[in-house]
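To start, the structure under review is shown below, and the notes come after it.
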Amino acid sequence: MKIIELPVKEFQSKVWSPDTHVRSEGLHLTTILQAILEERGESNVRDDITEAQLDDYAAVGFLWERALTRALNDMHAEQEAAVIRLGEFQKDGIYFTPDGVMLNVEDVKPTLEEWKCTWTSCNKLIEDRKKWIYQIKSYCYALDLDAAILRVLYINGNWRPPVPCTRHY
């Protein structure tokens, strides 16, 4: 038997991204948040990762988003609730791309759904994840929402041992 490694086109991030369009030209929230964090010396941008490796990280994140969308919609189908993927939209000259909004016929207002997939430890306080907090606050402002749920998949858990775990905030 001969085993050969095949190129894997199916796991490129563009295949798994729920957003199939090219990002609009202009100012995006991510750019603003990164500039704020860099100014404060809190940037987490790594320069030791190749574009191909970044794409692999993104693909796993997009798979998490797709799995959550499907799972949440299946779980809430009987409650007449659903996660809606809004895609990209603009407010005040800034482009936003929230992960989703949970709509429920019993609730007066929908709830922002923000999802993260990370290899960092779950031991870090959620309040210390400045970029995530700023992002959620910005999305809530842009959508005129006052509630959000952050669902995080920590690939390596707390690293003792490195076992995946999820946390919801």
Side-chain angles (χ1 to χ4, degrees), residues 1-73 83-90 93-101 112-126 128-139 142 148-169:
M1 174 172 69
K2 184 176 180 179
I3 300 173
I4 59 171
E5 183 175 350
L6 300 173
V8 184
K9 292 182 259 176
E10 293 85 5
F11 282 94
Q12 293 174 333
S13 67
K14 66 183 177 188
V15 173
W16 293 104
S17 172
D19 298 320
T20 56
H21 71 282
V22 177
R23 286 179 66 158
S24 298
E25 290 289 325
L27 184 59
H28 290 260
L29 178 62
T30 304
T31 305
I32 295 170
L33 297 178
Q34 196 55 47
I36 291 170
L37 293 173
E38 284 176 12
E39 181 68 26
R40 293 181 171 187
E42 300 173 1
S43 177
N44 62 350
V45 173
R46 293 179 54 184
D47 55 6
D48 62 332
I49 297 178
T50 67
E51 287 295 321
Q53 290 170 323
L54 281 174
D55 192 67
D56 287 341
Y57 279 114
V60 174
F62 291 140
L63 284 166
W64 171 239
E65 290 177 11
R66 281 185 170 235
L68 271 177
T69 301
R70 183 166 213 165
L72 290 170
N73 284 334
V83 171
I84 306 299
R85 301 290 301 234
L86 301 176
E88 182 183 87
F89 69 93
Q90 189 181 41
I94 301 169
Y95 286 100
F96 297 84
T97 314
D99 291 327
V101 174
L112 174 71
E113 286 275 344
E114 190 58 26
W115 308 324
K116 302 295 179 191
C117 178
T118 182
W119 277 253
T120 61
S121 172
C122 65
N123 291 335
K124 188 174 180 180
L125 293 174
I126 195 64
D128 292 339
R129 303 204 185 256
K130 303 291 188 199
K131 186 174 182 181
W132 296 357
I133 301 300
Y134 297 158
Q135 186 179 38
I136 290 169
K137 287 180 177 184
S138 299
Y139 289 153
I149 296 176
L150 171 61
R151 301 175 195 273
V152 184
L153 170 59
Y154 294 94
I155 297 289
N156 292 302
N158 65 8
W159 288 89
R160 292 184 210 112
V163 176
C165 71
T166 59
R167 299 283 190 274
H168 299 193
Y169 308 93

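Note that the structure is a prediction, hence the values are computed from the model and not measured.
- Proximity of a side-chain donor or acceptor of Thr31 to a complementary backbone N or O of Leu27 within less than 3.5 Å is not detected.
- In this pair, Phe96 and Phe89 present their aromatic rings parallel. The plane angle is below 30°, not in the 30 to 60° band.
- Remark: Cys117 SG to Phe62 CZ distance equals 11.0 Å, nearest 0.5 Å.
- For the pair Trp64 (side chain) and Lys116 (backbone), a donor-acceptor distance under 3.5 Å is present.
- Considering Ile149, Ile136, Val152, Ile133 in turn, Val152 is the only one that fulfils the side-chain contact (heavy atoms from CB on, under 4.5 Å) rule with Tyr169.
- In the model, Gln90 has no side-chain atom that pairs as donor or acceptor with a side-chain atom of Ser24 under 3.5 Å.
- A distance of 10.0 Å separates OG1 in Thr69 from CD1 in Ile84, rounded to the nearest 0.5 Å.
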Discussion item. Between Arg129 and Thr118, is the side-chain hydrogen bond (donor to acceptor under 3.5 Å, both in side chains) condition met? List the steps.
Written reply: CA-CA 12 Å; Arg129 303 204 185 256; Thr118 182; 4.8 Å; no
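- Annotation: the span from Ile32 atom CD1 to Leu37 atom CG amounts to 12.0 Å, rounded to 0.5 Å.
- Within the 4.5 Å cutoff, side-chain heavy atoms of Tyr154 are placed close to those of Arg167.
- At least one side-chain heavy atom of Asn123 sits less than 4.5 Å from a side-chain heavy atom of Arg160.
- With rounding to the nearest 0.5 Å, the separation of CD in Glu113 from CD in Glu65 is 11.5 Å.
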Item to complete: May I have the step-by-step check of side-chain hydrogen bond (donor to acceptor under 3.5 Å, both in side chains) for Tyr139 and Gln135, ending in yes or no?
Response: CA-CA 6 Å; Tyr139 289 153; Gln135 186 179 38; 3.2 Å; yes
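- Counting heavy atoms from C-beta outward, Ile36 and Glu39 have side chains that stay 4.5 Å or more apart.
- Side-chain N or O atoms of Asp55 include none that pairs as donor or acceptor with a backbone N or O of Glu51 at under 3.5 Å.
- In this structure, Leu153 CG and Cys165 SG are separated by 8.0 Å, a value rounded to the nearest 0.5 Å.
- Between the CH2 atom in Trp119 and the CD1 atom in Ile155 there is a gap of 4.5 Å [rounded to 0.5 Å].
- Scanning all heavy atoms of the two residues, the minimum distance from Ser121 to Asn158 falls at OG-CA, 3.8 Å.
- Contact check for Gln34 versus Lys131: side-chain heavy atoms found under the 4.5 Å cut-off.
- Looking only at distances, a side-chain donor or acceptor of Arg85 sits under 3.5 Å from a matching main-chain atom of Asp99.
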